[in-house]
Structure formats: C-alpha cells, structure tokens
Amino acid sequence: MVQVSPRLVARMAGFGTTIFAEMSALAAATGAVNLGQGFPDTDGPPEIIEAAVAALRSGHNQYPPGDGIAELREAIAQHQARHYGLDLDPGTEVLVTTGATEAIAAAVLALAGPGDEVVTFEPYYDSYAATIALGGATRRVVPLGAPSGLIDLDRVAAAITPATRVLLLNSPHNPTGKVFTRAELDGLAELCIRHDLVAICDEVYEHLTFDGHEHIPLATLPGMADRTLSVSSAGKTYSFTGWKIGWVNGPAELVSAVRTVKQFLTYVSGGPLQHAVAAALRMDDDVVGDLRRALESKRDRLCDGLEAAGFGVVRPQGTYFVTADIRPVGGVDGLDFCRELPRTAGVVAVPTQVFYDDEEAGRPFVRFAFCKRDDVIDDAVERLAKVALR
Ligand code: PMP
Ligand code: GLN
C-alpha cells in the first residue's frame, strides 16, 4: 500500500489509493488472474480502432472544442433519441468529458458544495465519495438492500434533508449488477420532484443488461428531463476503457453548470478519439447487442464456476461484475480475503466493503469481473475451486 502523504489536504485523507490500483498492482506483482479492475481483455470492434487511426492521421491532433466535437455531440443526441426517445439539442444539452469519471466529478462539483448534501446508494462507485468530498459537500448513503430486492424508498426519503441538492444514482449498478426497476425509478423521480433535487444518473452500463432486463433512464420519467443529468461512456459500451471518452447530457442550464467546472478540470478531452467514438455511436446497434450477448454467457460461465467453488452468488442483471459472498467458503473479511487470494488461489478480486460507509454490511462480499476471455474465466474458476477445498 502506498503511504498517504502528510501533505494531502484533510478532505482527501481517507482516499489514499483506489482499490482498483491496489488490486491491479497485486495482479501484476503476483501474476494472478486479474478479475479485479473492470476492463475487458479484448479490444472493441476493429472499425472503431481504424476510425481512431484515421483521425490521428488526418490532423485532428490539436485541442478540440471544449464541449466536444460537433459530430460526437450529434451522435450522442441521436443515440439518446434512438434508444430512449430523449430529445436533446447537441449544441447546448450535450457535453463530452474525459470518461464518465470526469462527467460525474464535474457535475457533483458544479451542483454541491460546502453545506450541501448528496444522497446516493451503498455500495457506491468509489469516485462518488471522493468527488463529493472534494467539493466539500456531505454524502448521505442509503443501503441498496438485498442484491435482488427492491430499494427502500422510505429510507431514501429519510436521507433527504433541506440541504440535499443531488441524488446520485447508478443503474445498472456497479458492483451489485442490479438494474433499477420502473417502480423504483418512479419512486425516486417523485422524491426528486418533491424535494427539488437534481438527479445525476451514472448510466455507463446502460447497454450491458441481461435476461431481458432493460435500462430505463430516469430522465425519461415524467417531470425528470428538466432535472436530470445522464452520464455515460464509450469505455464500457465499446470496450475501450482506456480511451476515456464520456459524456453528460441534460437540460442546457444544468449542462452549462457542468461545463463551467469541466473547463477547469481538463479543459477539453481526447480529440482524435472523439472522432472514433462518433463513428462508433453511428454504427449499427448490433455491435452492442453482440457484446451484451457475449457478456451474458460469460456471466453464466463465471457464476456457475463460483457456485461450484462454493461461493454465494446472486446473478447480476447488468454490468460485467458479479458480487460473491465469501462466507460459504470460509471467508470473513473481503479485504483480507482479496489481499490473500493471489497467494491462496492465484486470482485477484475486489473487496466491495470499500464501497460502503457501513463496512460491516460489505465485509463478506467480493467482486469478480467477467469481461474476460472464456479461457481466462475457466482458468480463474479452476483456481478458485481450490479456495473452498482448503
Ligand atoms: N461509473 C461506474 C459505475 C463505473 O463502473 C465506471 C468504470 N470505470 C465509471 C463510472 C467510470 O467510467 P470512465 O472509465 O468512463 O471514466
Ligand atoms: N469501473 C471499473 C471498475 O469498477 C474501473 C475502475 C477504475 O479503474 N477506476 O472496476
């Protein structure tokens, strides 16, 4: 573990090194199979790579416009119209960012400062807590509940105070794989409207849903288009996580607030790759359907293997992660378990307790990524079978 510098500002003190960096470093150091950090081990479609190469070769190598190139903003608006019936002006209602991470950070920093509160669910994606802290706002966390159960709307209502500005929602949800239902979203929409909240919706796994579960953007619910920022990223949809091209869309007034902050975080984002992502978004939606189908079968491959090895598993409805309960294989603490797993089994996973304020609630769970080649999943499963036998 890297030591936390004594010079680090107090509000970031609890955020030393991300669990993803720690676990990927552990995988590199031990040669273990890395099912920790979520990144595919196979590139996305070659046509998209060719579009990037063509953009690099045709002189798109200086600062792009701050909002993102017009071609990409138009492609994003068309994507939102085609999939969800959202009607966006690409000139004022779409902003290209450096991955979804920057979109979320800029949105949170733009809308919540000292004295303000942000309500989100736990387990939560780690950047949420860090970003809320960076802005000096306070997070209020509601437990997601049992993996396949419904959220408790009364608990969400109880977490909202007069200081609440933002509801930060992630569906499909990392790390549990839960896809929020229409009824849950209706309840959340009602709360947002009643308490005049802005919803920031992290939808990076919007296309990675299984068994007929459909992602419903909160922005499509009555009364929500005016108060919702929707965030997504090409990293997940097209398997180019290293490109870091994301976006946020919503009403011009809110996007403008996000733009103000984004200007001073990165100014602009990856010019040539924006051309390639515009080309990707214009491609036939079958590309995404193929990825979804491949992932559904990988999900079953890994879940079957984990179950056979003795882990407790709830099959995810979306994303490329599965959360496993380590108690049936004799595990107690996910962090200890994951730090030991390269030695005990030659596999790296991510302990999800770091995504909880209530560490006890998260202690027995670890997350495995299945966006990996079938032979890699099989190898990992074979190794994990040893854990239960010890
Ligand atoms: N939100 C969630 C829920 C994620 O899992 C990720 C994964 N990287 C991100 C945001 C960040 O996306 P990006 O890599 O586009 O910044
Ligand atoms: N979103 C990916 C995950 O959850 C990668 C995260 C990261 O590296 N920051 O594993």
Side-chain angles (χ1 to χ4, degrees), residues 18-24 34-40 99-105 107-108 118 120-132 139 141-149 151 167-181 184-185 199-210 213 215-218 230-241 244 246 291-292 295-296 298-299 302-303 306 313-325 334 338 348-357 361-362 365-372:
T18 80
I19 196 68
F20 305 113
E22 181 186 341
M23 291 300 154
S24 279
N34 189 0
L35 302 189
Q37 191 179 20
F39 59 88
T101 307
E102 190 199 27
I104 295 159
V108 169
V118 177
T120 193
F121 293 92
E122 73 175 359
Y124 48 75
Y125 186 59
D126 67 342
S127 82
Y128 299 179
T131 302
I132 295 165
R139 72 174 178 276
V141 163
V142 180
L144 211 49
S148 50
I151 54 162
L167 174 76
L168 175 50
L169 177 71
N170 171 217
S171 180
H173 182 263
N174 175 9
T176 64
K178 174 185 170 62
V179 177
F180 280 64
T181 64
E184 288 173 313
L185 295 169
I200 301 176
C201 297
D202 176 350
E203 307 184 340
V204 296
Y205 299 103
E206 60 186 318
H207 293 298
L208 309 185
T209 57
F210 315 123
H213 289 281
H215 166 63
I216 305 170
L218 193 59
S230 309
V231 171
S232 196
S233 167
K236 314 293 169 185
T237 303
Y238 299 105
S239 298
F240 290 111
T241 60
K244 298 297 291 186
L291 176 65
R292 179 206 300 244
L295 282 172
E296 186 163 318
K298 289 176 189 297
R299 173 199 65 169
L302 180 59
C303 289
L306 288 172
V313 173
V314 175
R315 253 159 236 251
Q317 301 166 342
T319 78
Y320 39 54
F321 303 111
V322 53
T323 293
D325 187 339
C338 288
V348 163
V350 164
T352 62
Q353 76 207 75
V354 299
F355 308 139
Y356 287 80
D357 284 0
F365 301 112
V366 306
R367 188 195 80 177
F368 295 93
F370 52 82
C371 45
K372 306 292 175 185

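When reading the values below, keep in mind they use all heavy atoms of this one structure, side chains included, and skip hydrogens, waters and symmetry mates.
- Residues satisfying the salt bridge (Lys or Arg N to Asp or Glu O under 4.0 Å) criterion with Arg367, sequence neighbours excluded, are absent altogether.
- For Gln37, the side chain to side chain contact (heavy atoms under 4.5 Å, CB included) partners are Phe20, Ser24, Phe39, not counting sequence neighbours.
- Residues that satisfy the side chain to side chain contact (heavy atoms under 4.5 Å, CB included) test with Ser230, not counting sequence neighbours, are Gln80, Glu203, Ala219, Thr228, Asn249.
- Not counting sequence neighbours, the partners of Thr101 by the side chain to side chain donor-acceptor pair (under 3.5 Å) test are Lys244.
- For Phe370, there are no ring-ring contact (aromatic ring centres under 6.0 Å, His included) partners, not counting sequence neighbours.
- Residues forming a side chain to side chain contact (heavy atoms under 4.5 Å, CB included) with Val354 (at least two apart in sequence, or on another chain): Ile19.
- Tyr238 is linked by a ring-ring contact (aromatic ring centres under 6.0 Å, His included) to nothing, counting only residues two or more places apart in sequence or in another chain.
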Phe321 vs Val350, side-chain contact (heavy atoms from CB on, under 4.5 Å): CA-CA, chis, key distance, verdict: CA-CA 10 Å; Phe321 303 111; Val350 164; over 6 Å; no
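- Counting heavy atoms from C-beta on, the side chains of Ile200 and Val118 never come closer than 4.5 Å.
- Taking 4.5 Å as the limit, some side-chain heavy atom of Tyr205 sits within range of a side-chain heavy atom of Tyr320.
- For the side chain to side chain contact (heavy atoms under 4.5 Å, CB included) test, residues two or more places apart in sequence or in another chain that qualify with Asp357 are Glu122, Tyr124, Arg139, Val141.
- Between Phe180 and Ile151 there is a side-chain heavy-atom pair separated by less than 4.5 Å.
- For the pair Thr209 and Arg292, the minimum side-chain heavy-atom distance is below 4.5 Å.
- Residues Cys303 and Pro316 form a side-chain contact, since some pair of their non-hydrogen atoms from C-beta on lies under 4.5 Å apart.
- Between Leu291 and Ser239 there is a side-chain heavy-atom pair separated by less than 4.5 Å.
- With sequence neighbours left out, the side chain to side chain donor-acceptor pair (under 3.5 Å) criterion links Thr181 to Glu184.
- With sequence neighbours excluded, the residues that form a ring-ring contact (aromatic ring centres under 6.0 Å, His included) with His215 are Tyr84.
- Contact between Leu185 and Leu218 at its shortest, heavy atoms only, is O-CD1, 3.6 Å.
- For Lys298, the salt bridge (Lys or Arg N to Asp or Glu O under 4.0 Å) partners at least two apart in sequence or on another chain are Asp374.
- Here the closest non-hydrogen pair linking Thr237 and Val204 is OG1-O, 4.2 Å.
- Contact of the Leu144 side chain with the Thr176 side chain is registered, since non-hydrogen atoms from C-beta on lie closer than 4.5 Å.
- In this structure Glu102 satisfies the salt bridge (Lys or Arg N to Asp or Glu O under 4.0 Å) test together with Lys262, sequence neighbours excluded.
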